[in-house]
Amino acid sequence: MAVILIPLVAGLILAFKDAQTDSHGNITGGVSAVGVPILVVSALFSFGFDLWNRGIRMGSKRQSFGRQIVGISTVRGDSGAFLGGGAGFLRWLMAVVFNSISRLGLLDVLWPLSDDTSQALHDKVVGSVVLKK
């Protein structure tokens, strides 16, 4: 998180330290051109890191960094084998899509509470299960 938050905060400070607003709270000027590229690079890095960590790395190593810390892994439900990079990417993509739609994201998160195999909807799409290591 620090790798992502430090450049993001620095970019926000540099971009908007001299910003001016009108009576409606809209930014009307004073945005620095130095901070904007830092914000863009920070956002692209954050997106790429999330894709790699929760998609490709989880598919090829069974765990993201967070799952490694708490001792859980994600595997194929039928064989217990690695998901693979493609299935890991699809699982990540489905989680992003479901979570971008508010009610579907809530349903995705709560689904394991009533499911016999404790699978979220994005797990059902790729046939993965989450196991305690």
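Everything numeric in this text was worked out from a predicted model, so none of it was measured. Residue numbers count from 1 along this sequence.
- W111 contributes atom CH2, which lies 10.0 Å from atom CG of L104 (distance to the nearest 0.5 angstrom).
- In this structure, a donor-acceptor pair under 3.5 Å is absent between the side chains of W92 and N53.
- The side-chain heavy atoms of R91 and D123, taken from C-beta on, include a pair separated by under 4.5 Å.
- Checked against a 6.0 Å centroid threshold, the rings of W52 and F89 do not count as neighbours.
- Side-chain heavy atoms closer than 4.5 Å link hydrophobic residues (I, L, V, M, F, W, Y) into clusters, and following such links, possibly through other members, connects L121 to L93.
- Think of L14 as one node in a network of Ile, Leu, Val, Met, Phe, Trp and Tyr side chains linked at under 4.5 Å; its network also takes in V34, I38.
- The cationic atom of R76 (NZ for Lys, CZ for Arg) does not lie both less than 6.0 Å from the six-membered ring centre of F82 and within 45° of the ring axis.
- Between S100 and V97, the closest heavy-atom pair is OG-O, 2.7 Å.
- The shortest side-chain heavy-atom distance between L39 and F16 falls under the 4.5 Å cut-off.
- Taking the side chain as every heavy atom from C-beta outward, T21 and N26 never approach each other to under 4.5 Å.
- Annotation: side chain to side chain donor-acceptor pair (under 3.5 Å) contacts of K61 (sequence neighbours excluded): none.
- Looking only at distances, a side-chain donor or acceptor of Q63 sits under 3.5 Å from a matching main-chain atom of I72.
- N99 places a side-chain N or O within 3.5 Å of a backbone atom of A95 that can act as its donor or acceptor partner.
- Residue D115 holds its CG atom at 5.5 Å from CD of Q119, rounded to the nearest 0.5 Å.
- V40 and I13 fall into different hydrophobic clusters, where Ile, Leu, Val, Met, Phe, Trp and Tyr residues are linked whenever their side-chain heavy atoms come under 4.5 Å apart, directly or through other members.
- Atom-to-atom distance recorded for I101:CD1 and L107:CG is 11.0 Å, nearest 0.5 angstrom.
- Transitive grouping of hydrophobic side chains (ILVMFWY, heavy atoms separated by less than 4.5 Å) brings V126 and V96 into a common cluster.
- With hydrogens and angles disregarded, no donor-acceptor distance shorter than 3.5 Å links the side chain of D108 to the backbone of F98.
- Atom CG of L5 is separated from atom OG of S46 by 8.5 Å, given to the nearest 0.5 angstrom.
- When every heavy atom of P37 is checked against every heavy atom of A33, the shortest pair comes out as CD-O, 2.9 Å.
- Minimum interatomic distance between I4 and S42 (heavy atoms only, all atoms of both residues): O-OG, 3.5 Å.
- No continuous path of hydrophobic side-chain contacts links L113 to V109 [ILVMFWY only; heavy atoms under 4.5 Å].
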K124 and T117: CA distance, side-chain angles, deciding distance, side-chain contact (heavy atoms from CB on, under 4.5 Å) verdict: CA-CA 10 Å; K124 290 197 173 291; T117 58; 4.0 Å; yes
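- Nearest heavy atom pair, residue S128 against residue T74, reads CB-CG2, 3.8 Å.
- By the criterion of side-chain heavy atoms lying less than 4.5 angstrom apart, applied directly or through intervening Ile, Leu, Val, Met, Phe, Trp or Tyr residues, M94 is grouped together with L51 in one hydrophobic cluster.
- In this structure, the side chains of Q68 and R57 come closer than 4.5 Å at one or more pairs of heavy atoms.
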Derivation of the side-chain contact (heavy atoms from CB on, under 4.5 Å) call for V75 and V129: CA-CA 6 Å; V75 297; V129 293; 3.8 Å; yes
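- R62 contributes atom CZ, which lies 13.5 Å from atom CZ of R67 (distance to the nearest 0.5 angstrom).
- In terms of modelled atom types and a separation under 3.5 Å, the side chain of S60 and the main chain of I56 share a donor-acceptor contact.
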